[in-house]
Student: 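Encoded as structure tokens, here's the structure I'll be asking about.
Atom set for the values below is all heavy atoms of this structure, side chains included, hydrogens, waters and symmetry mates excluded. This is a predicted model, so every value here is computed, not measured. Residue numbers start at 1 and run along the sequence shown.
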Amino acid sequence: MTQIDIMVPYDNGYYQDEYMTQEEEWDRDLLLDPAWEKQQRKTFTAWCNSHLRKAGTQIENIEEDFRNGLKLMLLLEVISGERLPKPDRGKMRFHKIANVNKALEFITSKGVKLVSIGAEETSAKEGLLLWCQRKTAPYRNVNVQNFHVSWKDGLAFCALIHRHRPDLIDYAKLNKEDALGNLNLAFAVAEKHLDIPQMLDAEGIACCSRSDKRVCDSTSIHASIFSMSLHQAETAANRICKVLGVNQENEKLMEEYEKLASELLEWIRRTTPWLENRACERTVAEMQRKLEDFRDYRRLHKPPRVQEKCQLEINFNTLQTKLRISNRPAFMPSEGKMVSDIASAWQGLEQVEKGYEEWLLTEIRRLQRVEHLAGKFHQKATSHETWASGKEEFLTQKDYETASLMEIRALLRKHEAFESDLSAHQDRVEQIAAIAQELNELDYHGVAAVNQRCQSICDVWDHIGTLTQKRRESLERTEKLLETVEQLFLEYAKRSAPFNNWMEGAMEDLQDMFIVHSVEEVQSLVAAHEQFKATLPEADGERQAILGILQEVQKIIQSYGIRGNLTNPYSTISPEDILSKWDKVKKLVPQRDSSLQEELARQHANERLRRQFATQANLIGPWIQTRMEEIGRCSLEMGGGLEDQMTQLKQCEHVIVSYKSNIDNLEGDHQLIQESLIFDNKHTNYTMEHIRVGWELLLTTIARTINEIETQILTRDAKGITQQQMNEFRSSFNHFDRKKNGAMDTDDFRACLISMGYDLGEVEFARIMLLVDPNATGVVTFQSFIDFMTRETADTDTADQVVASFRILATDKPYILIDELRRELPCDQAEYCIARMPPYTGPGAVPGALDYTAFSTALYGESDL
């Protein structure tokens with residue numbers, strides 16, 4: 001609550017000029033007044049005894065007791081809290097003179113002039129009078145205009161006590177007419193609870209008149225001492241509140257930093273194993289789900305963490321700047337939570353993240369290839385198994401034993417046709433084995449079944465080969481007995497088998513699945529298909545020729561009247577099979593044309609997506625680089641003030657934030673490309689990952705640069721640095737920053753100091769390096785350079801000042817009690833001191849005594865508390 005100082009004129013029939021005239025007359029009249037001198041001596045003796053009682057002694061007569069200088073030196077030690085030189089203990093006159101001289105030299109060393117009261121003392125007294133007027137303004141019947149008559153009714157004394165300790169006096173019950181009672185109450189309470197000695201009798205003050213100069217002077221002295229004691233206590237409490245307030249705010253910032261650092265490190269710890277897991281799934285759909293999860297991580301989960309990391313670095317720099325400004329020790333986070341630790345953990349995360357998307361895309365391609373090969377394997381295997389079905393029974397039959405010569409020859413020719421067919425199937429078996437081998441190399445999840453089926457096919461093939469050889473040997477042994485053969489059936493078998501194999505191969509090729517990633521690949525397939533269609537007329541001629549053989553057979557049979565079974569004994573391929581397969585080939589050709597054209601249209605659409613992405617990426621990439629260069633130039637400019645640089649950076653930040661929509665549009669284009677499974681783009685060197693990294697670096701750089709300028713402004717304002725000085729510091733720093741990387745190495749920093757007039761020895765330079773480079777990194781940043789240049793001129797609180805303030809609150813005791821802290825300080829700061837102040841164990845310790853000296857030095861990092 002703000003207190004309004006009210007100055008109420010005190011009208012008692014006299015004016016200030018009358019006071020001044022009367023006081024001058026008193027000075028002339030009382031220069032030689034023995035009674036006045038006696039009163040002054042009594043007052044001074046009481047004041048001396050109020051301090052000497054703390055040392056367990058007192059005086060009776062000033063002239064006699066101070067003559068040997070011993071008690072005078074003791075009085076000065078009690079008042080100053082310092083040790084004087086050891087006194088001479090002899091009783092000779094020169095011993096006494098030496099002790100008095102030591103006391104006078106000590107007084108002189110403290111800047112005290114041993115002369116009569118001058119202008120400085122008068123100004124101090126007027127300031128104390130003004131303080132008394134402000135403190136007593138709200139109280140009724142109190143109007144302090146001087147240090148004598150205004151105090152005679154005792155209400156001014158009581159008002160000051162009540163203002164600082166309302167629990168000691170009930171001011172509402174006081175009576176202005178009971179001056180003697182008011183004075184006795186104030187003096188008794190002040191001596192008992194505030195350690196202010198009573199140096200005058202209440203009767204002498206109450207009976208004081210304006211003409212009684214002796215009493216008025218004594219009253220003036222006592223009122224001044226009384227007011228000064230309360231004023232010092234208030235000043236000391238204010239200083240402690242200020243120091244503790246700064247410390248509490250810093251501790252809150254430290255706790256916030258620890259919490260934010262812990263959360264960010266925990267997120268990195270949980271995310272890293274997920275990115276390190278490179279276990280491949282079995283299907284393309286499962287791998288695509290992994291790719292979607294990674295995209296969500298890059299778009300939704302990581303960007304807020306990037307902002308948290310940037311904010312954490314900004315909070316850390318701000319906290320360190322506040323600690324430097326308030327002359328506190330630098331903040332050292334918990335183990336593992338330094339900014340460098342977080343940067344290292346973040347770098348580890350990005351290192352693991354690097355290549356993860358590329359791995360996913362590679363695995364998707366691999367699985368697509370694997371699934372395609374697996375389908376092709378099973379298709380070819382099924383076709384071959386269909387062909388091989390029944391071959392063993394055919395090769396193991398004993399029909400040649402009861403056959404005629406013509407039948408044997410037919411069986412031999414049929415076997416020759418079978419061997420031709422067998423030879424044609426050799427390529428198919430080799431293709432099946434090659435596909436199985438490739439599936440093994442690609443780590444196909446169903447490779448066990450593939451290997452088993454492939455082995456079965458190979459075993460059957462070897463067995464068929466063995467049986468074929470055995471049957472041929474049997475037929476050749478009986479060939480001499482067989483002379484009649486049907487040449488036309490044999491020719492039909494020989495020509496129909498390869499043609500049938502060609503048709504089956506053509507059907508497989510026309511139904512073969514294909515995977516392409518560019519227009520050129522599709523066009524290559526279209527060209528191959530066109531070449532195939534060009535061979536169809538020749539194949540149709542061969543078909544007609546093969547069917548013509550059967551027609552010739554029929555003519556011969558009809559011409560020569562041959563009776564018997566018209567089935568071709570050398571071949572299992574019927575004309576109906578040839579016609580059916582040929583019709584199927586003709587139907588598959590236009591279907592293949594349609595599939596290739598659809599794929600060509602899809603690849604053209606993919607090409608448009610590539611060009612659309614490339615157009616945006618080729619604009620955004622250079623734009624980000626240009627903004628980075630503008631930020632770098634702005635941070636090095638010296639033409640304007642820091643506020644101008646801050647304004648320019650804020651404008652730049654606004655432009656960057658406004659540009660975010662272009663990044664989002666590019667993300668949309670990239671999403672379409674990913675959904676279309678487009679894996680390369682020859683129209684641009686920028687990938688979405690490049691753009692993301694550049695954008696995140698741009699946001700981090702602008703935020704860090706703004707924070708650096710804010711820190712410089714904070715340092716400039718706190719240290720009292722002018723803009724011209726800041727420009728001079730920047731000019732010197734830029735001149736010796738030879739690498740232009742924002743930091744000077746050790747030799748450049750030494751040269752900079754020498755150019756500024758420093759006379760550097762090795763020891764002095766080593767001391768300065770400990771201040772500007774406490775972590776021994778070997779470089780000096782601009783902020784460290786500014787801190788060093790302003791450190792010596794800073795006007796900050798020190799540990800000694802805080803100790804002196806606590807000593808005032810403790811009434812010169814080396815310790816302070818809990819009740820005294822709660823009485824003199826606000827509640828929250830009193831409890832803060834009680835919780836952190838160690839017990840006092842020195843001389844004269846009492847129960848509950850607290851060591852304020854150790855506590856104060858700990859605030860400034862000067863002890864191990």
Side-chain angles (χ1 to χ4, degrees), residues 274-275 280-281 283-306 350 353-372 513-526 594-625 627 656-699:
W274 174 66
L275 293 174
C280 181
E281 302 297 339
T283 65
V284 174
E286 291 174 338
M287 289 303 294
Q288 286 178 338
R289 282 195 293 272
K290 272 195 171 184
L291 183 61
E292 284 296 328
D293 293 341
F294 180 76
R295 291 199 198 103
D296 291 341
Y297 159 79
R298 291 291 293 139
R299 291 195 308 265
L300 305 177
H301 302 300
K302 185 180 179 183
R305 299 299 179 178
V306 173
E350 293 188 330
E353 179 184 321
K354 183 179 180 181
Y356 184 79
E357 185 175 17
E358 182 179 354
W359 171 76
L360 288 173
L361 296 176
T362 301
E363 283 300 314
I364 290 174
R365 294 192 199 100
R366 185 187 69 82
L367 289 175
Q368 289 176 336
R369 173 65 177 167
V370 165
E371 291 181 0
H372 170 69
M513 295 178 292
F514 52 86
I515 297 177
V516 294
H517 301 287
S518 66
V519 174
E520 291 76 11
E521 292 178 0
V522 178
Q523 291 174 343
S524 176
L525 292 176
V526 171
S594 176
S595 298
L596 289 175
Q597 291 303 319
E598 289 176 0
E599 183 62 27
L600 182 61
R602 191 175 72 86
Q603 290 302 325
H604 278 299
N606 290 348
E607 183 67 13
R608 287 193 295 272
L609 289 177
R610 290 189 183 97
R611 293 180 182 275
Q612 180 177 340
F613 176 87
T615 301
Q616 292 297 322
N618 290 336
L619 293 175
I620 293 175
W623 186 90
I624 292 176
Q625 182 63 31
R627 301 290 82 76
I656 292 172
V657 172
S658 301
Y659 200 77
K660 179 65 167 57
S661 59
N662 295 304
I663 304 298
D664 295 336
N665 293 336
L666 191 64
E667 285 282 2
D669 293 342
H670 180 67
Q671 176 72 16
L672 295 176
I673 286 177
Q674 292 293 313
E675 291 173 354
S676 299
L677 297 178
I678 300 173
F679 304 112
D680 56 3
N681 193 340
K682 64 182 180 180
H683 303 295
T684 180
N685 293 326
Y686 292 99
T687 66
M688 195 64 228
E689 183 62 21
H690 292 154
I691 299 299
R692 288 171 183 154
V693 172
W695 179 254
E696 292 170 359
L697 179 61
L698 179 61
L699 294 177

Student: Is the count of non-hydrogen atoms from other residues, nucleotides or ligands lying under 6.0 Å from Asn618 atom CG greater than 12?
Tutor: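 Buried by this count: over 12 neighbours within 6.0 Å.
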Student: For a 4.5 angstrom cut-off between non-hydrogen side-chain atoms, does Asp680 reach Arg610?
Tutor: yes
Student: List the steps, then state whether side-chain contact (heavy atoms from CB on, under 4.5 Å) holds for Arg602 with Gln597.
Tutor: CA-CA 9 Å; Arg602 191 175 72 86; Gln597 291 303 319; over 6 Å; no
Student: Mind running side-chain hydrogen bond (donor to acceptor under 3.5 Å, both in side chains) on Gln612 and Gln616 for me, showing each step along the way?
Tutor: CA-CA 7 Å; Gln612 180 177 340; Gln616 292 297 322; over 6 Å; no
Student: Can you list the steps and then say if Arg611 with Glu607 is a salt bridge (Lys or Arg N to Asp or Glu O under 4.0 Å)?
Tutor: CA-CA 6 Å; Arg611 293 180 182 275; Glu607 183 67 13; 3.7 Å; yes
Student: With Arg627, which residues qualify under salt bridge (Lys or Arg N to Asp or Glu O under 4.0 Å), at least two apart?
Tutor: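 For Arg627, the residues satisfying salt bridge (Lys or Arg N to Asp or Glu O under 4.0 Å) (neighbours in sequence not counted) are Glu630.
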Student: Suppose we screen for side chain to side chain contact (heavy atoms under 4.5 Å, CB included). Which residues come up paired with Glu598, at least two apart in sequence or across chains?
Tutor: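 Testing Glu598 for side chain to side chain contact (heavy atoms under 4.5 Å, CB included), a comparison that skips the adjacent residues, returns Ser594.
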Student: List the atom of Ser658, the atom of Ser661, and the distance in Å for their closest heavy-atom pair.
Tutor: O-OG, 3.8 Å
Student: If you take all heavy atoms of Pro622 and Ala617, which pair is closest and at what distance?
Tutor: CD-O, 4.2 Å
Student: In sequence, state the C-alpha distance, the side-chain angles, and the governing distance for Asp669 and Leu609, and then conclude on side-chain contact (heavy atoms from CB on, under 4.5 Å).
Tutor: CA-CA 7 Å; Asp669 293 342; Leu609 289 177; over 6 Å; no
Student: Go through the structure and list residues passing side chain to side chain contact (heavy atoms under 4.5 Å, CB included) with Ile620, not counting sequence neighbours.
Tutor: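 By the side chain to side chain contact (heavy atoms under 4.5 Å, CB included) rule, Ile620 matches Ile624, Tyr659, Asn662, Ile663, Leu666, Ile691.
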Student: State the CG-CZ distance between Asp664 and Arg299, to the nearest 0.5 angstrom.
Tutor: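 Result: 10.5 Å between the selected atoms.
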Student: Could you state the interatomic distance from CZ (Phe613) to CD (Glu667), rounded to the nearest 0.5 Å?
Tutor: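 So the CZ of Phe613 and the CD of Glu667 are separated by 8.5 Å.
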Student: To the closest 0.5 Å, what do you measure between CG (Leu699) and CD1 (Ile656)?
Tutor: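 Leu699 CG to Ile656 CD1: 7.0 Å, rounded to 0.5 Å.
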Student: Are Trp695 and Pro303 close enough that some pair of their side-chain heavy atoms sits under 4.5 Å apart?
Tutor: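 No; the side chains remain at least 4.5 Å from each other.
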Student: Glu675 versus His670: any side-chain heavy-atom pair under 4.5 Å?
Tutor: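 Heavy-atom side-chain distance check fails, nothing below 4.5 Å.
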